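Shown next, in C-alpha coordinates, is the structure this report addresses.
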Amino acid sequence: MIDRYGREFTYLRLSVTDRCNLYCLYCKVPELPRPERLQTSEILRIVRVAASLGVRKLRLTGGEPTLRSDIVEITHAVATVPGIREVVMTSNGLTLDRLAAPLRDAGLGRVNISCDSLDEETFRKVTKGGQLRRVLDGMEASRRAGIQVKINCVILGGCNDHEVVPMVRFAVERGFEIRFIEYMPMHSGEGEGMFGSPQTVPSAVLREALSAHFELERLPADTTDGPAETFRIAGTQVKVGFISAMSSPFCESCNRLRITPEGKIRSCLLTGGEVDLVASIRRGASDAELADLFRQANDTKPPVYQLHQLGAVDMRAIGG
Ligand code: SAM
(Lines give C-alpha, C1' and ligand atoms only; values in the text may rest on other atoms or scores of the structure.)
Protein backbone atom coordinates (compact mmCIF):
# COMPACT_ATOMS: atom_id res chain seq x y z
CA MET A 1 0.00 0.00 0.00
CA ILE A 2 1.65 3.22 -1.20
CA ASP A 3 0.64 6.64 0.15
CA ARG A 4 0.28 9.96 -1.68
CA TYR A 5 3.98 10.67 -1.26
CA GLY A 6 5.18 7.31 -2.55
CA ARG A 7 5.90 5.71 0.83
CA GLU A 8 5.12 2.02 1.20
CA PHE A 9 3.34 0.76 4.32
CA THR A 10 5.09 -2.40 5.55
CA TYR A 11 5.41 -1.90 9.30
CA LEU A 12 2.68 -1.81 11.95
CA ARG A 13 3.25 -0.67 15.53
CA LEU A 14 0.53 -1.96 17.77
CA SER A 15 0.10 -0.45 21.21
CA VAL A 16 -1.62 -3.20 23.17
CA THR A 17 -2.14 -1.22 26.38
CA ASP A 18 -1.62 2.28 27.72
CA ARG A 19 -0.86 0.96 31.20
CA CYS A 20 2.76 1.10 32.35
CA ASN A 21 4.68 0.14 35.48
CA LEU A 22 7.16 2.99 35.10
CA TYR A 23 6.53 6.72 35.06
CA CYS A 24 9.38 8.05 32.94
CA LEU A 25 9.63 11.76 33.32
CA TYR A 26 9.48 12.38 29.57
CA CYS A 27 6.43 10.22 28.98
CA LYS A 28 2.97 11.62 29.50
CA VAL A 29 1.53 11.08 32.97
CA PRO A 30 -1.37 8.64 32.56
CA GLU A 31 -4.93 9.38 33.35
CA LEU A 32 -6.69 6.83 35.50
CA PRO A 33 -5.64 3.31 34.43
CA ARG A 34 -7.85 2.20 31.61
CA PRO A 35 -8.99 -1.34 30.99
CA GLU A 36 -7.70 -3.05 27.88
CA ARG A 37 -9.79 -1.99 24.92
CA LEU A 38 -8.61 -4.39 22.26
CA GLN A 39 -9.43 -8.07 22.60
CA THR A 40 -6.87 -10.62 21.39
CA SER A 41 -9.27 -11.66 18.61
CA GLU A 42 -9.56 -8.03 17.48
CA ILE A 43 -5.78 -7.62 17.48
CA LEU A 44 -5.49 -10.75 15.37
CA ARG A 45 -8.07 -9.48 12.90
CA ILE A 46 -6.28 -6.13 12.59
CA VAL A 47 -2.95 -7.83 11.96
CA ARG A 48 -4.46 -10.17 9.36
CA VAL A 49 -5.91 -7.25 7.43
CA ALA A 50 -2.65 -5.29 7.73
CA ALA A 51 -0.67 -8.31 6.49
CA SER A 52 -3.00 -8.61 3.50
CA LEU A 53 -2.07 -5.00 2.68
CA GLY A 54 1.66 -5.73 2.74
CA VAL A 55 2.68 -5.36 6.38
CA ARG A 56 5.64 -7.64 7.09
CA LYS A 57 6.94 -6.37 10.41
CA LEU A 58 4.90 -5.97 13.56
CA ARG A 59 5.95 -4.27 16.78
CA LEU A 60 4.04 -4.86 20.01
CA THR A 61 4.38 -1.84 22.23
CA GLY A 62 2.47 0.28 24.74
CA GLY A 63 2.41 1.46 27.57
CA GLU A 64 4.19 -1.63 28.74
CA PRO A 65 3.05 -4.50 26.50
CA THR A 66 4.09 -7.20 28.97
CA LEU A 67 1.51 -5.91 31.46
CA ARG A 68 -1.21 -7.54 29.41
CA SER A 69 -1.88 -10.91 30.97
CA ASP A 70 -2.44 -12.37 27.50
CA ILE A 71 0.73 -10.98 25.90
CA VAL A 72 2.14 -14.46 25.19
CA GLU A 73 -1.12 -15.51 23.48
CA ILE A 74 -1.18 -12.28 21.49
CA THR A 75 2.42 -12.78 20.39
CA HIS A 76 1.74 -16.33 19.30
CA ALA A 77 -1.41 -15.36 17.44
CA VAL A 78 0.16 -12.53 15.47
CA ALA A 79 3.39 -14.42 14.75
CA THR A 80 1.43 -17.07 12.89
CA VAL A 81 -0.42 -14.65 10.60
CA PRO A 82 0.53 -15.39 6.97
CA GLY A 83 2.74 -12.62 5.59
CA ILE A 84 4.09 -11.46 8.94
CA ARG A 85 7.82 -12.12 8.83
CA GLU A 86 8.87 -10.57 12.06
CA VAL A 87 7.30 -9.85 15.45
CA VAL A 88 9.29 -7.53 17.70
CA MET A 89 8.50 -5.75 20.94
CA THR A 90 9.44 -2.60 22.82
CA SER A 91 9.50 -3.16 26.57
CA ASN A 92 10.98 -1.69 29.71
CA GLY A 93 12.29 -5.16 30.50
CA LEU A 94 10.93 -5.34 34.05
CA THR A 95 9.01 -8.59 33.53
CA LEU A 96 11.24 -10.21 30.95
CA ASP A 97 13.16 -12.38 33.42
CA ARG A 98 9.88 -14.31 33.70
CA LEU A 99 8.44 -13.77 30.22
CA ALA A 100 11.40 -13.92 27.83
CA ALA A 101 11.32 -17.70 27.32
CA PRO A 102 7.53 -17.96 26.79
CA LEU A 103 7.62 -14.97 24.44
CA ARG A 104 10.45 -16.55 22.45
CA ASP A 105 8.44 -19.78 22.20
CA ALA A 106 5.47 -17.71 21.03
CA GLY A 107 7.52 -16.25 18.17
CA LEU A 108 9.20 -13.10 19.49
CA GLY A 109 12.51 -12.63 17.67
CA ARG A 110 13.76 -9.29 18.92
CA VAL A 111 13.09 -6.95 21.80
CA ASN A 112 14.00 -3.31 22.27
CA ILE A 113 14.55 -2.72 25.97
CA SER A 114 14.47 0.85 27.18
CA CYS A 115 17.27 1.81 29.53
CA ASP A 116 18.32 5.41 29.92
CA SER A 117 20.94 5.08 32.64
CA LEU A 118 23.30 2.53 34.17
CA ASP A 119 23.38 4.46 37.41
CA GLU A 120 20.77 3.12 39.83
CA GLU A 121 19.95 6.50 41.30
CA THR A 122 19.59 8.26 37.93
CA PHE A 123 17.53 5.36 36.61
CA ARG A 124 15.26 5.54 39.63
CA LYS A 125 14.76 9.28 39.14
CA VAL A 126 14.14 9.10 35.38
CA THR A 127 11.61 6.30 35.77
CA LYS A 128 10.20 7.55 39.10
CA GLY A 129 11.03 4.49 41.13
CA GLY A 130 12.19 1.87 38.62
CA GLN A 131 14.79 -0.70 39.64
CA LEU A 132 17.67 -0.88 37.20
CA ARG A 133 18.59 -4.41 38.37
CA ARG A 134 15.33 -5.84 37.08
CA VAL A 135 15.82 -4.27 33.67
CA LEU A 136 19.33 -5.70 33.42
CA ASP A 137 17.95 -9.10 34.48
CA GLY A 138 15.33 -8.79 31.75
CA MET A 139 18.06 -8.14 29.18
CA GLU A 140 20.01 -11.21 30.30
CA ALA A 141 16.92 -13.41 30.37
CA SER A 142 16.09 -12.30 26.84
CA ARG A 143 19.59 -13.09 25.65
CA ARG A 144 19.47 -16.52 27.32
CA ALA A 145 16.14 -17.20 25.65
CA GLY A 146 17.69 -16.43 22.25
CA ILE A 147 15.86 -13.14 21.70
CA GLN A 148 17.97 -10.44 20.07
CA VAL A 149 18.25 -7.45 22.40
CA LYS A 150 18.49 -3.83 21.35
CA ILE A 151 18.79 -1.13 24.00
CA ASN A 152 16.72 2.04 23.52
CA CYS A 153 18.29 4.98 25.31
CA VAL A 154 16.74 8.44 25.41
CA ILE A 155 19.42 11.01 26.18
CA LEU A 156 18.34 14.01 28.23
CA GLY A 157 20.81 16.88 28.34
CA GLY A 158 21.71 17.62 31.95
CA CYS A 159 20.58 14.21 33.15
CA ASN A 160 22.26 11.25 31.45
CA ASP A 161 24.23 12.78 28.57
CA HIS A 162 27.48 11.94 30.37
CA GLU A 163 26.55 8.24 30.14
CA VAL A 164 26.74 7.87 26.37
CA VAL A 165 30.20 6.28 26.35
CA PRO A 166 29.54 3.92 29.32
CA MET A 167 26.25 2.88 27.71
CA VAL A 168 28.04 1.90 24.51
CA ARG A 169 30.76 0.07 26.48
CA PHE A 170 28.03 -1.83 28.30
CA ALA A 171 26.44 -2.78 24.97
CA VAL A 172 29.77 -3.83 23.45
CA GLU A 173 30.62 -6.02 26.46
CA ARG A 174 27.32 -7.87 26.12
CA GLY A 175 26.97 -7.86 22.35
CA PHE A 176 23.72 -5.86 22.44
CA GLU A 177 22.79 -3.35 19.79
CA ILE A 178 22.08 0.13 21.16
CA ARG A 179 20.09 3.08 19.85
CA PHE A 180 20.12 6.62 21.09
CA ILE A 181 16.79 8.37 20.70
CA GLU A 182 16.59 12.15 20.70
CA TYR A 183 14.38 13.37 23.49
CA MET A 184 11.14 14.85 22.18
CA PRO A 185 9.92 17.43 24.71
CA MET A 186 6.25 16.69 25.32
CA HIS A 187 5.77 19.32 28.04
CA SER A 188 4.02 16.66 30.02
CA GLY A 189 6.29 14.85 32.47
CA GLU A 190 5.61 16.10 35.95
CA GLY A 191 9.13 15.24 37.12
CA GLU A 192 10.97 17.24 34.50
CA GLY A 193 12.04 19.76 37.11
CA MET A 194 14.17 17.04 38.75
CA PHE A 195 16.95 17.59 36.23
CA GLY A 196 16.31 21.25 35.59
CA SER A 197 14.81 21.43 32.15
CA PRO A 198 16.09 18.44 30.16
CA GLN A 199 17.35 19.32 26.72
CA THR A 200 17.35 17.39 23.49
CA VAL A 201 20.93 16.49 22.62
CA PRO A 202 21.28 16.23 18.83
CA SER A 203 22.54 12.89 17.56
CA ALA A 204 25.48 14.65 15.89
CA VAL A 205 26.73 15.70 19.33
CA LEU A 206 26.44 12.15 20.66
CA ARG A 207 28.26 10.77 17.64
CA GLU A 208 31.08 13.19 18.14
CA ALA A 209 31.37 12.24 21.82
CA LEU A 210 31.51 8.56 20.87
CA SER A 211 34.03 9.12 18.10
CA ALA A 212 36.63 10.08 20.70
CA HIS A 213 36.39 6.55 22.14
CA PHE A 214 35.22 4.27 19.33
CA GLU A 215 35.70 4.03 15.62
CA LEU A 216 32.22 4.20 14.08
CA GLU A 217 31.72 2.59 10.68
CA ARG A 218 28.58 3.82 8.93
CA LEU A 219 26.26 1.04 7.75
CA PRO A 220 23.99 1.34 4.73
CA ALA A 221 20.41 2.34 5.51
CA ASP A 222 18.26 -0.71 6.22
CA THR A 223 14.67 0.03 5.26
CA THR A 224 13.33 -2.75 7.47
CA ASP A 225 15.02 -1.31 10.50
CA GLY A 226 13.22 1.99 10.77
CA PRO A 227 14.62 5.44 10.88
CA ALA A 228 17.89 4.87 12.76
CA GLU A 229 21.19 5.92 11.23
CA THR A 230 23.34 2.96 12.09
CA PHE A 231 27.05 2.46 12.67
CA ARG A 232 29.16 -0.52 13.63
CA ILE A 233 31.76 -0.23 16.36
CA ALA A 234 34.95 -1.17 14.51
CA GLY A 235 36.32 -4.54 15.49
CA THR A 236 32.98 -5.73 16.90
CA GLN A 237 29.60 -6.86 15.61
CA VAL A 238 27.87 -4.27 17.79
CA LYS A 239 25.71 -1.65 16.11
CA VAL A 240 24.96 1.82 17.42
CA GLY A 241 21.93 3.63 16.00
CA PHE A 242 20.74 7.20 16.27
CA ILE A 243 17.13 8.24 15.97
CA SER A 244 17.13 11.93 15.22
CA ALA A 245 13.43 12.68 15.50
CA MET A 246 14.09 16.30 16.46
CA SER A 247 17.24 17.31 14.57
CA SER A 248 16.55 15.40 11.38
CA PRO A 249 13.00 14.07 10.92
CA PHE A 250 12.90 10.99 8.73
CA CYS A 251 9.34 11.28 7.45
CA GLU A 252 10.23 10.77 3.80
CA SER A 253 11.14 7.14 4.54
CA CYS A 254 8.25 6.48 6.97
CA ASN A 255 6.84 3.00 6.30
CA ARG A 256 4.60 2.65 9.35
CA LEU A 257 1.15 3.06 10.75
CA ARG A 258 0.22 2.77 14.40
CA ILE A 259 -2.67 1.17 16.24
CA THR A 260 -3.58 2.85 19.51
CA PRO A 261 -4.76 0.80 22.52
CA GLU A 262 -8.26 2.07 21.78
CA GLY A 263 -8.13 0.40 18.38
CA LYS A 264 -7.62 3.47 16.22
CA ILE A 265 -5.25 3.65 13.30
CA ARG A 266 -2.91 6.59 13.75
CA SER A 267 -1.12 7.62 10.63
CA CYS A 268 1.66 9.73 12.17
CA LEU A 269 3.23 9.85 15.62
CA LEU A 270 2.78 13.60 15.90
CA THR A 271 0.41 14.82 13.26
CA GLY A 272 -1.67 12.04 11.85
CA GLY A 273 -5.39 11.87 12.25
CA GLU A 274 -6.94 8.76 13.73
CA VAL A 275 -9.36 6.35 12.08
CA ASP A 276 -11.48 4.20 14.37
CA LEU A 277 -10.90 0.61 13.37
CA VAL A 278 -12.29 -1.25 16.36
CA ALA A 279 -15.66 0.51 16.17
CA SER A 280 -16.03 -0.87 12.65
CA ILE A 281 -14.91 -4.34 13.74
CA ARG A 282 -17.56 -4.31 16.45
CA ARG A 283 -20.18 -3.17 13.97
CA GLY A 284 -19.40 -6.27 11.90
CA ALA A 285 -17.34 -4.68 9.10
CA SER A 286 -15.85 -7.00 6.48
CA ASP A 287 -12.10 -7.40 5.92
CA ALA A 288 -12.45 -5.33 2.73
CA GLU A 289 -14.02 -2.48 4.72
CA LEU A 290 -11.26 -2.65 7.31
CA ALA A 291 -8.65 -2.58 4.55
CA ASP A 292 -10.33 0.60 3.24
CA LEU A 293 -9.96 2.19 6.67
CA PHE A 294 -6.23 1.43 6.54
CA ARG A 295 -6.08 3.07 3.08
CA GLN A 296 -8.01 6.06 4.39
CA ALA A 297 -5.56 6.46 7.31
CA ASN A 298 -2.57 6.00 5.04
CA ASP A 299 -3.84 8.81 2.84
CA THR A 300 -3.86 11.22 5.79
CA LYS A 301 -0.15 10.70 6.44
CA PRO A 302 1.46 14.12 6.27
CA PRO A 303 4.65 14.55 4.22
CA VAL A 304 6.45 15.63 7.36
CA TYR A 305 5.36 15.80 10.97
CA GLN A 306 4.76 19.03 12.79
CA LEU A 307 6.86 19.47 15.85
CA HIS A 308 4.57 22.14 17.28
CA GLN A 309 2.10 19.31 17.93
CA LEU A 310 4.45 17.67 20.43
CA GLY A 311 2.46 18.97 23.38
CA ALA A 312 -0.60 16.98 22.31
CA VAL A 313 1.17 13.63 22.09
CA ASP A 314 0.70 10.87 24.63
CA MET A 315 3.46 8.32 23.98
CA ARG A 316 1.84 5.69 26.19
CA ALA A 317 -1.29 5.77 24.13
CA ILE A 318 0.52 5.79 20.81
CA GLY A 319 3.38 3.47 21.53
CA GLY A 320 6.40 5.76 21.10
N1 SAM B 1 7.07 0.52 27.91
C2 SAM B 1 7.88 0.29 26.76
C3 SAM B 1 9.27 0.88 26.96
O4 SAM B 1 9.57 1.37 28.05
O5 SAM B 1 10.08 0.80 26.04
C6 SAM B 1 7.28 0.72 25.44
C7 SAM B 1 6.61 2.06 25.35
S8 SAM B 1 7.67 3.47 25.35
C9 SAM B 1 6.47 4.77 25.10
C10 SAM B 1 8.47 3.31 23.79
C11 SAM B 1 9.71 4.15 23.59
O12 SAM B 1 9.34 5.51 23.50
C13 SAM B 1 10.74 4.03 24.72
O14 SAM B 1 11.99 3.65 24.20
C15 SAM B 1 10.77 5.43 25.28
O16 SAM B 1 12.05 5.74 25.75
C17 SAM B 1 10.38 6.28 24.08
N18 SAM B 1 9.86 7.59 24.46
C19 SAM B 1 8.80 7.87 25.25
N20 SAM B 1 8.65 9.19 25.41
C21 SAM B 1 9.65 9.78 24.68
C22 SAM B 1 10.03 11.12 24.42
N23 SAM B 1 9.38 12.15 24.96
N24 SAM B 1 11.09 11.35 23.61
C25 SAM B 1 11.76 10.32 23.05
N26 SAM B 1 11.45 9.02 23.26
C27 SAM B 1 10.41 8.75 24.05
Side-chain angles (χ1 to χ4, degrees), residues 13-30 33 59-68 71 88-96 99 103 108 110-117 122-123 126-132 134-136 138-139 142 149-157 159-161 163 167 176-192 195 197-203 206 226-228 241-250 256 258-261 266 269-270 305 307 309-320:
R13 295 175 66 103
L14 214 156
S15 181
V16 293
T17 180
D18 56 6
R19 291 184 296 130
C20 195
N21 42 1
L22 290 180
Y23 299 92
C24 300
L25 58 85
Y26 49 71
C27 221
K28 196 145 188 152
V29 177
R59 179 172 301 279
L60 300 172
T61 180
E64 173 50 38
T66 62
L67 288 187
R68 269 192 80 134
I71 191 64
V88 299
M89 180 180 282
T90 306
S91 167
N92 59 30
L94 287 180
T95 59
L96 288 177
L99 283 174
L103 284 170
L108 187 71
R110 293 200 279 143
V111 65
N112 288 18
I113 299 182
S114 300
C115 182
D116 300 336
S117 175
T122 307
F123 186 86
V126 171
T127 58
K128 302 205 199 103
Q131 285 176 278
L132 176 63
R134 287 179 56 198
V135 176
L136 303 184
M139 288 183 194
S142 303
V149 174
K150 195 185 282 184
I151 301 170
N152 272 3
C153 179
V154 177
I155 291 294
L156 305 161
C159 165
N160 61 350
D161 45 337
E163 288 199 59
M167 286 295 289
F176 296 150
E177 186 170 341
I178 182 163
R179 292 198 313 186
F180 293 103
I181 303 173
E182 282 180 357
Y183 162 56
M184 305 174 84
M186 306 289 185
H187 319 294
S188 51
E190 63 175 12
E192 284 185 355
F195 296 100
S197 194
Q199 301 296 311
T200 302
V201 184
S203 297
L206 303 183
F242 299 90
I243 306 226
S244 311
M246 297 296 291
S247 65
S248 177
F250 28 79
R256 62 194 61 188
R258 296 177 153 82
I259 303 290
T260 71
R266 185 168 172 110
L269 174 66
L270 296 188
Y305 61 46
L307 287 172
Q309 301 207 347
L310 269 173
V313 169
D314 180 346
M315 283 288 204
R316 284 167 191 262
I318 301 173

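Quick note: numbers below take in every heavy atom, side chains included, and nothing from hydrogens, waters or symmetry partners. Just so you know, ligand 1 is whichever comes first in the structure, and atom 1 is the first atom listed for that ligand. Quantities reported herein were computed from a predicted structural model and do not represent experimental measurements.
- In terms of heavy-atom proximity, S117 sits nearest to F123 at O-CD1, 3.7 Å.
- Between atom CD1 of residue I155 and atom CD of residue E163 there is a gap of 7.5 Å, rounded to the nearest 0.5 Å.
- Between Y183 and ligand 1, no N or O atom pair is found at a separation short of 3.5 Å.
- Of all atoms in ligand 1, numbered sequentially from 1 with element shown, those under 4.0 Å from a heavy atom of G62 are 7 (C), 9 (C).
- Only side-chain heavy atoms of T61 come within less than 4.0 Å of ligand 1; its backbone N, CA, C and O stay farther off.
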Given side chain to side chain contact (heavy atoms under 4.5 Å, CB included), test I151 with M139 step by step and report yes or no. CA-CA 9 Å; I151 301 170; M139 288 183 194; 4.1 Å; yes
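- Nearest-residue assignment for atom 2 (C) of ligand 1 (options R59, E64, R13; heavy-atom criterion): E64.
- A heavy-atom separation below 4.0 Å is found between G63 and ligand 1.
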Apply side chain to side chain contact (heavy atoms under 4.5 Å, CB included) to D116 and Y26, showing your working. CA-CA 11 Å; D116 300 336; Y26 49 71; 2.5 Å; yes
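- Neither the backbone nor the side chain of P185 has a heavy atom within less than 4.0 Å of ligand 1.
- Residue V154 has no N or O atom closer than 3.5 Å to an N or O atom of ligand 1.
- Atoms CG and CG, on L94 and N21 in that order, are 5.0 Å from each other to the nearest 0.5 Å.
- Checked by distance only, ligand 1 and Y26 come closer than 3.5 Å through their nitrogen or oxygen atoms.
- Side-chain atoms of S15 and R258 form no donor-acceptor pair, as typed in the model, at a separation below 3.5 Å.
- The N152 neighbourhood of ligand 1 comprises atoms 14 (O), with distances under 4.0 Å to a heavy atom of that residue.
- A donor and an acceptor atom, one from each side chain of E64 and S91, are located under 3.5 Å apart.
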